2 protein chains.
Amino acid sequence: MRNPTLSDVAKAAGVSYATADRVVNSRGNVADKSIRKVQAAMEALGYVRDIAAANLSRGRVYRLAFLLPSGPNAFFAKMRAALSNLAAHLSAERVDIQIVDIAAFSHQGLRAALADIEVPGLDGIAIVGLSGASLQQPLADLRDKGVSVVSLVSDLRADERDAYVGINNLAAGRTAARLLGMAHSGRAGAVLTLAGSLDAEDHIQRLNGFRDVIKADFPHLTILDPILAKDDEAAVFDGMVERFKANDQITAVYNVGAGNQGLVRALEAIAPDPAPLCVVHELVAHSRAALESGLIHFIIDQRPDIEAARAVTILRALIDGRSKPPMPELVPMIYVPDNLPAHTDPAHTDIHTGKAPLHD
Amino acid sequence: MRNPTLSDVAKAAGVSYATADRVVNSRGNVADKSIRKVQAAMEALGYVRDIAAANLSRGRVYRLAFLLPSGPNAFFAKMRAALSNLAAHLSAERVDIQIVDIAAFSHQGLRAALADIEVPGLDGIAIVGLSGASLQQPLADLRDKGVSVVSLVSDLRADERDAYVGINNLAAGRTAARLLGMAHSGRAGAVLTLAGSLDAEDHIQRLNGFRDVIKADFPHLTILDPILAKDDEAAVFDGMVERFKANDQITAVYNVGAGNQGLVRALEAIAPDPAPLCVVHELVAHSRAALESGLIHFIIDQRPDIEAARAVTILRALIDGRSKPPMPELVPMIYVPDNLPAHTDPAHTDIHTGKAPLHD
DNA sequence: TCATTTTTGATTGACGTCTATCATTTTCAC
DNA sequence: GTGAAAATGATAGACGTCAATCAAAAATGA
């Protein structure tokens, strides 16, 4: 009935508790024969170490750091909110979450922050990956010191991190293409695309996926060269106005990056007729309002709240050296005006009283 | 630095540990004055009881029962798989999950199962709601005995359960309408609808939501009366064939219920030209195959794996009397061929070795 | 075979909470 | 002021694990 304890294992293996403990915690100085006996007994009894008891005994606190880009980015603002919400609830489970501000898209800032982190006590970090080799050494140093690393939203090289939490951006771009393609239902058209920069791996992948599907399945649609607006809304606005002035055949817009407030303002200013179909990324206050008002038609979202929670869960598992708990794949979420969650702001749950209704 | 313990609280309140304990565990026989002192101290120190330690001490095991419809339903098969996967991983956290088979859609079976549950030791149950009053008494009895109840997938009356885990089915129906409407892009058309039964609350809500959006935003589309096929694939097949024979103006199909294998077989058999746009519910092996082959175009899914995990989490919180951890709202997920998760089967993670790659 | 090293056993005190017991003090009614 | 009831204090063992110590036994090498 009750789960077996390490004492049970020791007894079954015919060794003392001390020896069994030496095996499970690999403290060394154990004969191979004993190791095998203990492992066999664990197998036979189905022993699983009681993590709660272990943590209690250790006085273990999971110290996690999230390095997030600072600035006006609404997506990361949502993720911050989700994290502080999580932090409040997880303090009861010995999880300490610290958010470190990083200059956005800055290799230098990230490198400095990684070096600065006071390692004693830190168990794991989550960082938003940047392509390029400059992070390799600091990350390796950190991991040598036993810190687990997950990449968040944008991946690192597979050998630089222990896990990736984020969506498949190629799939996201393909999805956008599918939606726009189907909504043209056979008509010809031209799609204006926008991106932050072609240095950002996620943006490139989205554009590639988009192109693949359009070419293969919707050849009657042409793709215009992307406006590169550095995720800056003013630049997005200017680019949109310019392109729409130069081309009155645009039937759709796909922005793989941020700066959607500029996009919305431009659509309102230009008021092209007929209105183009619009797909953008990330459900935040402004994009949500535009979706509800009908200015844009689809939002592809990666649910920062879920990603934050998952990053914490995976870091805990990594730190414990456990196997990963079952984690359904993160999938690019499609929003239309009808399947929007009730609240965009994940922090609407009252952290302090916890008085939020239990049914969501 | 360290979180305060109950001893710290007692000290700060100027009472003994025993008295502080009497307060936090409401054992009675405490003067109001002392209660206030202890509560003030808890507030001041920010005391949060260490649940792990408490559970360890109590020898607490969370005993949960999931009452799921038996039968060939692929959606619930996925949920079962997710649950056993969860169970394997959560045994380390003192969670014991038991799956109880229920005859599908049977008030009687559900009532009998509720009465039969051996209450001693049971802490919480999850059941798939059925409309009608016959469950009221057994549920009330169960909850009187301290068992927490969550409704899963299909809701109960709000006063019959502690929480609901599932999607908003009205929103799901509206979403289907939006997708089909946009994919017609102005053309007229007729939508064939299918449902299991008009006794199932979720099916009704989906149809209602669908109708609302079509009427409001896509008035050039007409909705045909639903085929009621009891989620039986043979009945779905027959109904489809009959309707398509009678009406060659059908441009789209929306099935709010199960039995999609019959739908796919019918489409292959009839091969209407042009092929109708198809929206169905729940991503399972067959619907996935049909989506990938282009026979159907959208799947609206409620991610049984996530729902299972969430039901467990919420039950644990309810049982602990904790506040609900932050839970992003469950949203009807839209799948196109391009944003499908890598594996439909959540059990592909090897439970025993845990050797699944950590990046999903 | 003896000295040395390696391996094992036995035990102990945390960690923070729960539950229980028993003795003591305070409060209250009369 | 007395007696009963209510409230409080003090303490101890348990939960399963970790981390450490010390003594005893077994294996190893010369």
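None of these values were measured; they are calculated from a predicted model. Letters A, B, ... are given to chains in the order of the sequence lines, protein chains preceding strands, and every chain is numbered from 1.
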Any side-chain N or O of [X] under 4.0 Å from OP1/OP2 of [N]?
X: B:N25; N: C:dC18; answer: yes
X: A:R49; N: D:dC18; answer: yes
X: B:N29; N: D:dA7; answer: yes
X: A:R27; N: D:dA19; answer: yes

What I want to check is whether the side chains of A:N3 and A:Y47 have a donor and an acceptor closer together than 3.5 Å. no
Taking any strand in view, what nucleotide pairs with C:dT7 in a Watson-Crick or G-U wobble way, both distances under 3.5 Å? D:dA24
Minimum-distance nucleotide (side-chain atoms of [X] versus [options]):
X: B:A53; options: D:dG9, C:dT8, C:dG16; value: C:dG16
X: B:S16; options: C:dT7, D:dT8, C:dC18; value: D:dT8
X: B:T19; options: C:dT17, D:dT8, C:dT19; value: D:dT8
X: B:A18; options: D:dT17, C:dT8, D:dG9; value: D:dG9

Determine, stepwise, if the pair B:D101 / B:R80 fulfils salt bridge (charged side-chain N to carboxylate O under 4.0 Å, His left out). CA-CA 10 Å; B:D101 287 324; B:R80 276 158 198 271; 2.7 Å; yes
The test is salt bridge (charged side-chain N to carboxylate O under 4.0 Å, His left out); show your working for A:D305 and A:K78 and say whether it passes. CA-CA 7 Å; A:D305 41 8; A:K78 270 186 87 176; 5.6 Å; no
Please check this pair: side chain of B:N25 against backbone of B:R22, looking for a donor-acceptor N/O pair closer than 3.5 Å. no
Heavy-atom donor-acceptor pair, A:R49 side chain to A:T5 backbone, under 3.5 Å: no
In numerical order, the residues of residues 33-47 of chain A whose heavy atoms come under 4.0 Å of DNA chain D are A:Y47
Rounded interatomic separation in angstrom, taking CG from A:D21 and P from C:dG9: 13 Å
Rounding to 0.5 Å, atoms CZ (B:R63) and CG (B:D123) come to a distance of 7.5 Å
Here's a test of your reading of the structure: between B:G59 and B:R22, which maps to the more 5' nucleotide of DNA chain D? B:R22
Of A:Y17 and A:V30, whose nearest nucleotide on DNA chain C comes first from the 5' end? A:V30
